[in-house]
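Per chain, numbering begins at 1; letters A, B, ... match sequence-line order. Given the structure is predicted, the values throughout are model-derived calculations rather than measurements.
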Amino acid sequence: MTINQKTAQLLKRVAAVFWISEGDTFRYRAYINAAVAVDNLTVPIADIWEQGKLDSVPGIGEKLVSYLDEYFSTGKVRHFDSIMKRVPSGMFSLMEIRGIGPAKSYKIANKFQLDNQDTAISDLKKILSKGELFKVAGFKEKSIRNLKKSLRSHKTKSNRMLLAQALEIAGEYITYLHKSPLISKAEPLGSLRRKLPTIGDIDIAFCSHNSRESMQYALKYPKIKTVILKGDKVARVRLENGISVDLKSSDVKMWGSLLQHYTGSKLHNIQLRKYALEKGLSLSEYGIKKDGKIYRFKTELSFYNFLGLEYIPPELRESTGEIELSRSKKIPKLVKLSDIRGDLHIHSDFVYPSSHDHGSNPLTEILNQASLQGYEYIGISDHNPKFQGLKESKKVEILKNRRKYLENEYKECENDVKLRVKYLLIGMEVDIRPDGSLALSDSALSLLDYVIASIHSSFDLTIEANTRRIINALSHPKVKILGHPTSREINKRESIKADWDKIFDFCFKNNKILEINASPTRLDLPDDLIQKAVSKGVKMIVNTDSHSSEQLQNMQYGVWHARRGYAKKKDIINTLDFKNLRQVLEL
DNA sequence: GCCGTTTTCGGCCCGACTGTTTTCAGTCG
């Protein structure tokens, strides 16, 4: 469990106690809102706490700042501990079961005196097998059957899946939906549409004149394992692969409202509804209620405009200030995939003793794919020859041979109109060593058109050490680009710690470029740091880090991610034509 | 407990679905 999940869980538990012991639903909601906000953060909340910016998280106010301060400095909150004693603590474990919330978990834990969080789930299983849950009011045959079902699929929380995986799974389902003549439109919504790097559940909406029949068709999808919830408008299923899918059906007349509602985020919608209430309007998935009359919207644009707001792209709907921008008509024009004119982080199949993996496709195949994507230029940036065990003269020879190999390949297809990518740059991705020096000598570096410097080792240095290390590497005149800056790997490795303010200021002053690595397993810079870089005027480049020609198509993921970070065309240097790109990179 | 373009008090997003209920509570997103 991440620190954010853990913190959110704590807040949810405290919320439950306020509801159960005091019936205080408003304080309950306040704690739940805070929990949701924490759960949705894209950065570890402990980092925000370290920076003293907890109060910038929506839903966290003065009181919670002080409680969380105590939590992060001592590991506990005395106030929380004392109020949590009011209930049998086994209920907190039961709350993790789907379908069991504060009220039901309290009833069960109270009746059977489940005081131990660690054994509460197994205790409940025993109670169920003895058939004793009937003793608790409100539990009868159906609810007990559902509880047993939930318990069977109750496991430790698995990782959220990557956006790329989720899009594929959703895509298959949508292909199935489109086969029905009843269904005119079907789209992925929720976090999938907002293009979050990771996805929990998949949301799919479809449009039909016959809600009931089209939902029946949707529930016949062959890959469904179980139907969890079934209505005409909303259903939830679990697929054979264990992934949950939420299905929503709508009429064409209110498609816009439905898209808006189920795209979320939850916090964006809550904020939007509060804003609407101030104007005497009430929002829902059916439209906008004004003086008892409901207005319906076929498009999201008309929905937002009715509220006096500028259209907000889904990637920005995270309650990070987008509604204020929209009110003052200052939503930025975000970079688009079609703005991209090249990719400078591609690995070729040239074989040599390399420090890391080389690519799997020859340049001709890379060029073929690049021209399909309409690129004007590409840059090959293989990893540097391994640092130890090779003589300097050998490294220089490798670099010379590589250039020859790539240039020959390029020449061979130069006349092929189909493979017409006008410019080829031959660069390298060079390791930043723990002390900030580069893993390649100056004489070897001079053989390259450009250099991307990246961290591939010693990830757990201190903030100060990493900051020094990165600035040191970027200080080399040959280094123009910082590759996958935080070196995070989604679900696998946390971002390194560094003083990004300081690094970004250095980049701005010295014309250094930050990479937005488009690999779905990295998406690095993270979106909040992209937003920071944009605000500081630091330039960025979206690169795929392709190790095969196919991966050039990952550019889309990088662009989506850049958009989540409020990046405009002018913030991204590979939207420039080659002439201007050369100037920026001082080639 | 949070929050503010009717601000420091007095409100607090909206609706679907389910089960156990005779009109609603709980849970979820």
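A/Phe26 comes within 4.0 angstrom of a base, heavy atoms only. If you check every strand for non-hydrogen atoms under 4.0 Å, A/Lys104 touches sugar and phosphate atoms only. Within 4.0 Å (heavy atoms only), A/Asp24 reaches no atom of the nucleic acid at all. Within 4.0 Å (heavy atoms only), A/Tyr67 reaches sugar-phosphate atoms of the nucleic acid but no base atom. Among the atoms of the strands shown, none is found under 4.0 Å from any heavy atom of A/Leu272. Using a 4.0 Å heavy-atom criterion, one finds that A/Leu64 contacts the sugar-phosphate atoms exclusively. Within the 4.0 angstrom heavy-atom criterion, no nucleotide atom of any strand lies near A/Thr25. Contact annotation for A/Asn33: no contact, since no heavy-atom pair falls under 4.0 Å across all strands. Note on A/Lys289: only backbone sugar-phosphate atoms sit closer than 4.0 angstrom, heavy atoms only; bases stay farther off. At the heavy-atom level, A/Glu62 lies under 4.0 Å from the strands shown only through sugar-phosphate atoms.
Dashed line: the shortest gap from a side-chain N or O of A/Tyr286 to OP1 or OP2 of B/dC14 is not under 4.0 Å. Checking the phosphate oxygens (OP1, OP2) of B/dT18, no side-chain nitrogen or oxygen of A/Ser143 falls inside 4.0 Å. OP1 or OP2 of B/dG19 has not a single side-chain nitrogen or oxygen of A/Lys140 nearer than 4.0 Å. When the side-chain nitrogen and oxygen atoms of A/Arg29 are compared with OP1 and OP2 of B/dT27, none of them lie within a distance under 4.0 Å. Side-chain nitrogen and oxygen atoms of A/Lys107 include none within less than 4.0 Å of the OP1 or OP2 phosphate oxygen of B/dG26.
Straight-line distance between the C1' atoms of B/dG1 and B/dT5: roughly 24 Å, to the nearest whole Å. B/dC2 sits 23 Å from B/dT6 when the P atoms are compared, rounded to a whole Å. Rounded to the nearest Å, the gap between the P atom of B/dC17 and that of B/dT22 is 22 Å. Taking atom P on both nucleotides, B/dT23 is separated from B/dG29 by 29 Å, rounded to a whole Å. B/dT7 and B/dG11 have their C1' atoms separated by 12 Å, given to the nearest Å. Here, B/dA16 and B/dT21 have their P atoms 24 Å apart, quoted to the whole Å. The gap from the C1' atom of B/dA25 to that of B/dT20 amounts to 9 Å, rounded to the nearest Å. Comparing B/dT8 with B/dC3, their C1' atoms are spaced 10 Å from each other, to the whole Å.
Judged by the 6.0 Å distance and 45° axis criteria, A/Arg317 is positioned over the aromatic ring of A/Tyr311.
Remark: P of B/dA16 and CE of A/Met254 are 10 Å apart, rounded to the nearest angstrom. Between the CZ atom of A/Arg212 and the C1' atom of B/dA16 there is a distance of 14 Å, given to the nearest Å. The CG-P distance, from A/Leu94 to B/dT27, rounds to 11 Å in whole Å. Per the geometry, CD belonging to A/Glu278 stands 9 Å off P belonging to B/dG4, to the nearest Å. Protein atom CG of A/Asn146 is 8 Å distant from nucleotide atom P of B/dT20, rounded to whole Å. Between A/Leu54 atom CG and B/dC2 atom P there is a gap of 12 Å when expressed in whole angstrom units. Regarding A/Tyr31, its OH atom lies at a distance of 16 Å from the C1' atom of B/dC12, rounded to whole Å. Between the P atom of B/dC14 and the OH atom of A/Tyr275 lies a distance of 15 Å, rounded to the nearest Å.
No side-chain N or O of A/Ser214 forms a donor-acceptor pair with one of A/Asn210 less than 3.5 Å apart. Between A/Gln271 and A/Ser319, the side chains place a donor N or O and an acceptor N or O closer than 3.5 Å (distance only, hydrogens not considered). At a cut-off of 3.5 Å, with distance as the only test, no side-chain donor of A/Ser211 or A/Asp232 sits close to an acceptor on the other residue. Checking A/His154 against A/Glu96 by side-chain atom types alone, no donor-acceptor pair falls below 3.5 Å.
Candidate nucleotides B/dC17, B/dT27, B/dG29 were compared by shortest atom distance to the side chain of A/Lys233, and B/dC17 ranks first. Of all nucleotides listed (B/dC17, B/dG29, B/dC12), B/dC12 comes nearest to the side chain of A/Lys274. Taking the side chain of A/Ser284 as heavy atoms from C-beta on, and the options B/dT5, B/dG1, B/dC14, the nearest nucleotide is B/dC14. Of all nucleotides listed (B/dG15, B/dG29, B/dT27), B/dG15 comes nearest to the side chain of A/Glu285. Listed candidates were B/dT18, B/dG1, B/dT27. Nearest to the side chain of A/Ala30 is B/dG1. Here the side chain of A/Ala103 is nearest to one of B/dG19, B/dT27, B/dG29, namely B/dT27. When each of B/dT27, B/dC17, B/dC28 is scored by its nearest atom to the side-chain atoms of A/Val234, the top-ranked nucleotide is B/dC17. Side chain of A/Lys142, nearest nucleotide from B/dG1, B/dT20, B/dC17: B/dT20.
Put simply, the residue from A/Phe72, A/Tyr71, A/Tyr67 that forms a ring-ring contact (aromatic ring centres under 6.0 Å, His included) with A/Trp49 is A/Phe72.
Classified by interplanar angle (parallel below 30°, tilted 30° to 60°, perpendicular above 60°), the ring pair A/Tyr557/A/Trp560 is perpendicular.
Comparing A/Gly138 and A/Gly59 by the nucleotide of DNA chain B whose heavy atom lies nearest to each, the residue mapping closer to the 5' end is A/Gly59. Residues A/His261 and A/Arg27 both approach DNA chain B. Their nearest nucleotides, taken by heavy-atom distance, put A/Arg27 toward the 5′ side.
Pairing for B/dA16 is with B/dT27, a Watson-Crick or G-U wobble pair whose two hydrogen-bonding atom distances lie under 3.5 Å.
Side-chain N or O atoms of A/Ser143 include none that pairs as donor or acceptor with a backbone N or O of A/Phe139 at under 3.5 Å.
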Please determine whether ring pair (Phe, Tyr, Trp, His ring centres under 6.0 Å) holds for the pair A/Tyr176 and A/Tyr217, giving the CA-CA distance in whole Å, both sets of side-chain angles, and the decisive distance to 0.1 Å.
CA-CA 10 Å; A/Tyr176 167 80; A/Tyr217 173 79; 4.4 Å; yes
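Annotated as syn: B/dT7, whose O4'-C1'-N torsion sits within 90° of 0.
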